[in-house]
Number of protein chains: 2
Amino acid sequence: MATIKDVAERAGVAPSTVSYVLSGSRRISEDTAKAVRAAIAELGYHPRASARTLRSARSEVLVLAVPRESGKYRAMDGRFAIEISDAARGHGYDLLMMTEPDGVDGLLRIARSGLADAAVLMAVAQADPRVAALHELGFPTALLGHGDGREESGVSWVDLDWAAAVALAVHETAAAGHRRMVFWASADHEIEARRGYALHGLAGARTAAAETGADVRVQPSAADPALLRGRLRAALMAAPAPTALIVQHLIPLPLLLAEVAALGLRVPQDLEIVLVGSLPDEPGGPALPRIDLPVGQMSAAVAGLAVEAIGGAAPRHELIAPRMAESQGVRPPGGPADRPAPVPRMETQNRCD
Amino acid sequence: MATIKDVAERAGVAPSTVSYVLSGSRRISEDTAKAVRAAIAELGYHPRASARTLRSARSEVLVLAVPRESGKYRAMDGRFAIEISDAARGHGYDLLMMTEPDGVDGLLRIARSGLADAAVLMAVAQADPRVAALHELGFPTALLGHGDGREESGVSWVDLDWAAAVALAVHETAAAGHRRMVFWASADHEIEARRGYALHGLAGARTAAAETGADVRVQPSAADPALLRGRLRAALMAAPAPTALIVQHLIPLPLLLAEVAALGLRVPQDLEIVLVGSLPDEPGGPALPRIDLPVGQMSAAVAGLAVEAIGGAAPRHELIAPRMAESQGVRPPGGPADRPAPVPRMETQNRCD
DNA sequence: TCGATTCGACGAACCGATTCGACGAAGCGC
DNA sequence: GCGCTTCGTCGAATCGGTTCGTCGAATCGA
């Protein structure tokens, strides 16, 4: 493996000159620069990251804390990881994955070893111990999600406004004429873990219920399919029957849809279903009214905030306003007057693999 | 930030002694070791990764090349990334994500900078340029997937035996009494990119067709939903009508199922559906006969092979034999005699969130 | 023509660990 | 009591870059 010394020798210059040609931090004559570049190309030279990092105290790496709860996997997490990696590269940073179950130890290890310059935390919870630990270390951090906004005032974050998103869904549903609806919230374990999106979603449902005067029954989801099925059945069969189901916990959506079908309920005539926080380009999902999770926007933002934090910028907070996807609005109780729809149609997507 | 020198000073020893206490590569008296450990704890010392790497030429990092085709996103990629990260940590390695669209440049940059000690490549294709480039560099590499097995003889890989998997599906389907079936292969662009799984799946279908004498029509899938729908409709409506559909391209599965329903076909009486491979998190997917993709096993294996390769071990190849999932066998044409099943039941999963 | 300024390149210190050779003290046999 | 080995520790070289101070040569104005 060629070193900067080899390049310098071949080009007939000092190692420092090679370094200056590469970094551009001092003027070097065009002739010399050309010779150096030729030597670099001939030797296939690439600077050793460790040497550069050792001297400059910059690794050009971000570490991403991926949530990992006992074997559970959320499709969103992988998607975010990939998009954040793309965004980080756009800033000249590589992305290291940190998937240790309890992220605190792993993050401290990475932070104190200097392997990364900043951390990006996913699935932030209220009073998240990772935030406190990194803050104590003075380690640049950006959060994907937020808790109650107080303990994170010293740290940058970006989040979909989940409270507003659920509230928007309730308002739109009420505006379409629905008076009784079920809000299918995050799962028990997410609420217990005090994940920001779970708590904010619940708060948004309560606020919007009060504002619209609609009858909104809040029902947490469950990880266990049997339990989930039982709760859903109870919620939908209650009298008077709800005419709309607003779903934040999307992972078991196929199961929800199947159960709705098994109960003999037609969508949307007997029951309208509104999704909150769906991935924007899932091929072949049913064409339901929904509020998309802006994965690309959030990923780009959080990577940018992490890079800013490395530069010592003051913390910033981005709360993204929810928007209804344009493809499909909430349909009134009894379904649209113009066409029967016994089977939900599948929509087209340009991003399906 | 404390350095090894600070620790040495506080403990009243030489820096080298601290290093030996940490690495254990020389005997140090228990008294001295205790003093050093105390100093480390008091100062919150952690060795700088860059200094260690510079000296030892080992970064303890693997780089994972995640396939990235022009904005397309495959749900399984994130799942594999997370599981491989877990497996790598089990060997003491961290995982760096490489998501640049054309992986070759990015991989070479990481490899030559010494940021990682080995590479793991996903979605390997026949004559994959990444394999050749890394091999030329002498960079330790392990592949998830394989091409035709010739050009990769110098590199370790692990793969599900896709040919055997599809063949098994055809055999089981034929054994259940089906004589006419459609094999729904990988999408056009995957076949054009000569991805190993796509080509091997096609080969397995042809072999098994000859072996069983069944009428197996091979139909590649498509990324475009309209195109896909048209092909599916043509394949299912052809005379004589097929009684089974074997699906390798699972990503648009909801769309496939909806189209089958829209054609008025009942599963399994009119059309049995057999799945080859898995989706990342499908709690509540329909209980169809399937051959699972062993994600955990493959991830652990590929991480292990990469670590082995760093140690200079000879390349090894693991071809995993396919197994039918136990939950549900292939049902005969006309459906099971004992019970009608107008709506496919949803199955339970222990891995659902 | 001479002193002041600018330009381009060099040399050496430095970042923080690892690791090898060396060395003093203690333990051993005779 | 003397030489030899063993044990525990130290000091210094080393990995490969970056960066600051310096210095000779060229350029400039008076």
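Below, chains carry the letters A, B, ... as their sequence lines are ordered, and counting in each starts from 1.
We find that Arg79(B) and Glu83(B) are joined by a salt bridge, their nearest charged nitrogen and carboxylate oxygen being less than 4.0 Å apart. Taking 4.0 Å as the cut-off between side-chain N and carboxylate O, Arg58(B) and Asp117(B) do not count as a salt-bridged pair.
Residue-level contact check: Ile28(A) touches the backbone only, with heavy atoms under 4.0 Å from sugar-phosphate atoms and none from bases. Thr3(A) comes within contact range of the sugar-phosphate backbone alone, with a heavy-atom separation under 4.0 Å but no base atom that close. No contact: Val18(B) has no heavy atom under 4.0 Å from any strand. Here Gly12(A) lies in heavy-atom contact (under 4.0 Å) with sugar-phosphate atoms only.
For Ser19(A) against dG17(D), a side-chain-to-base donor-acceptor contact under 3.5 Å is absent. A donor N or O paired with an acceptor N or O is found under 3.5 Å between the base of dT14(D) and the side-chain atoms of Arg55(B). A donor-acceptor contact under 3.5 Å links the side chain of Ser16(A) to the base of dG11(C). You'll find a donor-acceptor pair under 3.5 Å spanning the side chain of Arg26(B) and the base of dG21(C), going by distance alone.
The distance from atom CG of Asp6(A) to atom C1' of dG17(D) is 13 Å, rounded to the nearest whole Å. Atoms CD1 (Ile40(A)) and P (dG17(D)) sit 10 Å apart, rounded to a whole Å. Per the geometry, CD belonging to Glu9(A) stands 15 Å off C1' belonging to dC10(C), to the nearest Å. Nucleotide dT9(D) holds its P atom 15 Å from the CD1 atom of Ile4(B), rounded to whole Å. Distance, Leu115(A) CG to dA17(C) P: 13 Å, rounded to whole Å. Residue Lys5(A) contributes atom NZ, which lies 12 Å from atom C1' of dG11(C) at whole-angstrom precision. When rounded to the nearest whole Å, the span between CZ of Arg48(A) and P of dG16(D) equals 6 Å. Rounded to a whole Å, the CZ atom of Arg58(A) is 10 Å from the P atom of dT19(D).
Regarding contacts with the backbone of dC7(C), every side-chain N or O of Arg27(A) stays at 4.0 angstrom or more from both OP1 and OP2. At the phosphate of dC10(D), OP1 or OP2 sits under 4.0 Å from a side-chain N or O atom of Thr17(B). Tyr20(B) has no side-chain polar atom (N or O) that falls below the 4.0 Å cut-off from OP1 or OP2 of dC10(D). Contact check, Ser56(B) against dT19(C): no side-chain N or O comes under 4.0 Å of OP1 or OP2.
Other residues, nucleotides and ligands place no more than 12 heavy atoms under 6.0 Å from the CD atom of Glu136(B).
Of the possible donor and acceptor atoms, one in the side chain of Thr141(A) sits under 3.5 Å from a partner among the backbone N and O of Phe139(A). Remark: the backbone N or O of Ser19(B) is paired with a side-chain donor or acceptor of Ser23(B) at under 3.5 angstrom.
In this structure, of dG16(D), dT18(C), dC10(D), it is dG16(D) that holds the atom nearest to the side chain of Ala51(A). Taking the side chain of Ser29(B) as heavy atoms from C-beta on, and the options dG11(D), dG8(D), dG16(D), the nearest nucleotide is dG8(D).
None of Asp159(A), Leu143(A), Val120(A), Leu121(A) except one satisfies the side chain to side chain contact (heavy atoms under 4.5 Å, CB included) rule with Val302(A); the exception is Val120(A).
Taking for each of Ser50(B) and Ser23(B) the nucleotide of DNA chain C with the nearest heavy atom, the 5'-most of the two is the partner of Ser50(B).
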